[in-house]
Amino acid sequence: MNAYLRMTGLALAISTMAWSGISRAAEVAKSTDVKQSGTLAVANTLDYAPFEYLDADGKQTGIIIELAGEVAKLVDAKLDVQRTPFPSMIPGLAAGRFKIAWETFSATPERLKQVDFVMFLKAGLAVSTSPDKKASFSGDTPLCGKRIGVSAGSASDFLVDKLTKECTDKGQKPIEKSVFNSSTDIVQAVLSDRVDARMDDATASSYFEVTSKGQLVVLPTLYDVAPLGMAIAKDDKETADMMVAALAELFKNGTYKAILDKYGMGAYAIKEPYFVGTMDALRAE
């Protein structure tokens with residue numbers, strides 16, 4: 001995506017606080033749901049490091065989990081992370097099963113028919129493979145004829161379909177796509193030679209390369225560099241306003257940057273969070 005248009009307006013009236021390592025309560029307007037329940041409920045996969053995962057002690061952690069915890073503090077609520085398969089998130093929002101699905105969604109026209117977004121990060125898609133196969137991904141169309149694993153319903157899932165058509169249009173072998181329900185399953189498929197490579201968010205792929213000590217290596221080409229955001233139930237302005245305002249406070253007081261830097265993801269920060277209800281709302285950072 002080469003250009004982004006103007007941002008739709010959201011009023012952000014929040015107080016400024018100094019970063020002290022721990023977020024304190026700020027004047028962030030709570031949604032009716034949070035006021036009544038005292039809980040900030042967030043749907044999340046808990047299986048997508050560095051954004052969310054269970055540590056060695058079985059504790060929920062990661063960039064999104066930590067950010068969600070800080071937002072919960074700002075709105076004086078208990079955080080409830082509801083483990084939800086990625087393909088079920090947008091249908092779940094549309095059906096009213098929850099109000100926030102906090103993942104790293106790309107705002108596509110198809111998704112915007114069902115949900116809105118609050119953007120909080122930027123990244124692209126990257127392909128990672130085992131070190132012994134890296135050299136086989138070469139030329140202008142390195143993925144043609146390869147077996148590529150993707151997460152069901154993800155941006156990678158749709159992009160591989162587009163790239164496959166480009167391969168066949170050029171008279172080359174199509175990409176053989178395999179669809180999985182979790183990133184862990186895709187990684188295992190690459191390591192066991194059931195697929196040649198994994199296409200996923202560049203941030204998560206880079207993080208796994210470091211933490212796995214090079215079991216998979218990221219190829220240099222980045223695809224579809226774009227902002228990423230959490231999904232909000234369509235036309236739920238109360239929840240969207242609350243999340244933009246709370247995140248804006250974390251951007252201002254330094255919490256946002258500190259959490260990204262902790263996981264080596266500072267390069268993927270954006271200037272400020274913003275709401276997206278139509279494609280016209282997307283913008284460059």
(request) Keeping to residues at least two apart or across chains, list the disulfide (SG to SG under 2.5 Å) pairs with something in residues 93-203. (result) C144-C167

(message) I'd like to check the side chain to side chain contact (heavy atoms under 4.5 Å, CB included) partners of T32; sequence neighbours left out, ordered by chain and number.
(response) Q36, E238

(request) Give the cluster check for V81 versus L250: same hydrophobic cluster or not, with ILVMFWY residues linked at side-chain heavy-atom distances below 4.5 Å. (result) yes

(message) Return the OG1 to CG distance between T129 and L143, rounded to the nearest 0.5 Å.
(response) 10.0 Å

(message) Quiz question: by atom type and distance under 3.5 Å, do the side chains of E70 and T255 form a donor-acceptor pair?
(response) no

(message) Restricting to ring pair (Phe, Tyr, Trp, His ring centres under 6.0 Å), what partner residues turn up for Y268, sequence neighbours left out?
(response) none

(message) Give me each pair satisfying side chain to side chain donor-acceptor pair (under 3.5 Å) with a member in residues 142-151, each pair once, sequence neighbours excluded.
(response) R147-D193, R147-D196

(request) Any pair with a residue in residues 172-272 that passes disulfide (SG to SG under 2.5 Å), sequence neighbours left out, goes on the list, sorted by first then second residue, please. (result) none

(request) Could you tell me which non-hydrogen atom of A197 sits nearest to which non-hydrogen atom of F137, and how far apart they are? (result) CB-CZ, 3.7 Å

(message) If I compare all heavy atoms of P87 with all of N181, which pair ends up nearest, and what's the gap?
(response) CG-OD1, 4.2 Å

(message) If you define the side chain from C-beta out and look only at heavy atoms, does anything of Q188 sit under 4.5 Å from R194?
(response) yes

(request) Using the rule that two of Ile, Leu, Val, Met, Phe, Trp, Tyr join whenever any of their side-chain heavy atoms come within less than 4.5 Å, decide whether L40 and I64 are in one cluster. (result) yes

(request) Check the hydrophobic clustering (I, L, V, M, F, W, Y; side-chain heavy atoms under 4.5 Å; chains of links allowed) and say if F51 and I232 are grouped together. (result) yes

(message) So V34 and T239, do their side chains get closer than 4.5 Å, heavy atoms only?
(response) no

(message) I want to check something: taking the side chain as every heavy atom from C-beta on, are Y223 and M199 in contact at a cut-off of under 4.5 Å?
(response) yes

(request) Answer yes or no: is there a side-chain heavy-atom contact under 4.5 Å between I270 and F251? (result) yes

(message) Applying disulfide (SG to SG under 2.5 Å) as the test, list every pair that has at least one member in residues 61-93; sequence neighbours left out.
(response) none

(request) Sort and list the pairs that fulfil disulfide (SG to SG under 2.5 Å) and have at least one residue in residues 232-276, not counting sequence neighbours. (result) none

(request) Could you check E52, Q60, R83 and say which one makes a side chain to side chain donor-acceptor pair (under 3.5 Å) with N44? (result) E52

(message) Do V28 and L79 sit in one hydrophobic cluster, given that two such residues count as connected whenever their side-chain heavy atoms are within less than 4.5 Å of each other, even indirectly?
(response) yes

(message) Quick check for you: to the nearest 0.5 Å, what is the distance between M119 atom CE and M230 atom CE?
(response) 10.0 Å

(request) Apply side chain to side chain contact (heavy atoms under 4.5 Å, CB included) to the pair R198 and F180, showing each step before the final yes or no. (result) CA-CA 10 Å; R198 160 201 188 194; F180 299 84; over 6 Å; no

(request) Check for a donor-acceptor pair, side chain of T39 on one end and backbone N or O of A41 on the other, with a separation under 3.5 Å. (result) no

(request) Please examine the side chains of Y256 and L67, heavy atoms only from C-beta on, and report whether any two atoms are closer than 4.5 Å. (result) yes

(request) Not counting sequence neighbours, list each pair that qualifies as a salt bridge (Lys or Arg N to Asp or Glu O under 4.0 Å) and has a residue in residues 149-168. (result) D157-K177, D161-K177, K165-D169

(message) Applying side chain to side chain contact (heavy atoms under 4.5 Å, CB included), can you list everything that pairs with D116, at least two apart in sequence or on another chain?
(response) K234, D235, F275

(request) Begin from the C-alpha positions of Y263 and T61 and carry the test side-chain hydrogen bond (donor to acceptor under 3.5 Å, both in side chains) through to its verdict. (result) CA-CA 11 Å; Y263 291 91; T61 191; 3.2 Å; yes

(request) Check side chain to side chain contact (heavy atoms under 4.5 Å, CB included) between D140 and all other residues, then give those that pass, not counting sequence neighbours. (result) none

(message) Which heavy atom of V244 sits nearest to which heavy atom of Y274, and what is that distance?
(response) CG2-C, 4.4 Å

(message) Apply side chain to side chain contact (heavy atoms under 4.5 Å, CB included) to residues L121 and L260 and explain how you reach the verdict.
(response) CA-CA 10 Å; L121 202 67; L260 290 188; 3.9 Å; yes

(message) Between D241 and K237 (salt bridge meaning N to carboxylate O under 4.0 Å), is one present in this structure?
(response) yes

(message) For L222, give me all partners under side chain to side chain contact (heavy atoms under 4.5 Å, CB included), at least two apart in sequence or on another chain.
(response) A126, A202, V225

(message) Please find the pair of heavy atoms, one from T108 and one from M279, that lie closest to each other, and give the distance.
(response) C-SD, 3.9 Å

(message) Rounded at 0.5 Å granularity, tell me how far CG in L74 sits from CD in E249.
(response) 6.0 Å

(message) What's the separation between atom CG in D200 and atom CD1 in I186, rounded to the nearest 0.5 Å?
(response) 5.5 Å

Under 3.5 Å, which donor-acceptor pairs link side chains of residues 89-106 to any protein atom two or more places apart or in another chain?
{"residue": "E103", "atom": "OE2", "partner": "T45", "partner atom": "N", "Å": "3.1"}
{"residue": "E103", "atom": "OE2", "partner": "T45", "partner atom": "OG1", "Å": "2.9"}
{"residue": "T104", "atom": "OG1", "partner": "D201", "partner atom": "OD2", "Å": "2.8"}

(message) Could you measure the distance from the OG atom of S156 to the CD1 atom of I148? Nearest 0.5 Å is fine.
(response) 10.0 Å

(request) Please report the shortest heavy-atom distance between M265 and P50, naming the atom on each side. (result) CE-CG, 4.1 Å

(request) Could you check I65 against L46 for side chain to side chain contact (heavy atoms under 4.5 Å, CB included), going step by step and ending with a plain yes or no? (result) CA-CA 9 Å; I65 302 302; L46 284 178; 3.7 Å; yes

(request) Please answer whether the main-chain N or O of K35 pairs with a side-chain N or O of K30 as donor and acceptor at a distance below 3.5 Å. (result) no

(request) Just do the side-chain hydrogen bond (donor to acceptor under 3.5 Å, both in side chains) check on S130 and D132 with the steps written out, would you? (result) CA-CA 6 Å; S130 55; D132 61 303; 2.8 Å; yes

(message) What I want to check is whether the side chains of S183 and Y53 have a donor and an acceptor closer together than 3.5 Å.
(response) no

(request) Can you see which heavy atom on A123 is nearest to which on T203, and at what distance? (result) CB-CG2, 3.9 Å

(message) Starting from Y207, can I reach V218 by hopping between I/L/V/M/F/W/Y residues whose side chains sit under 4.5 Å apart?
(response) no

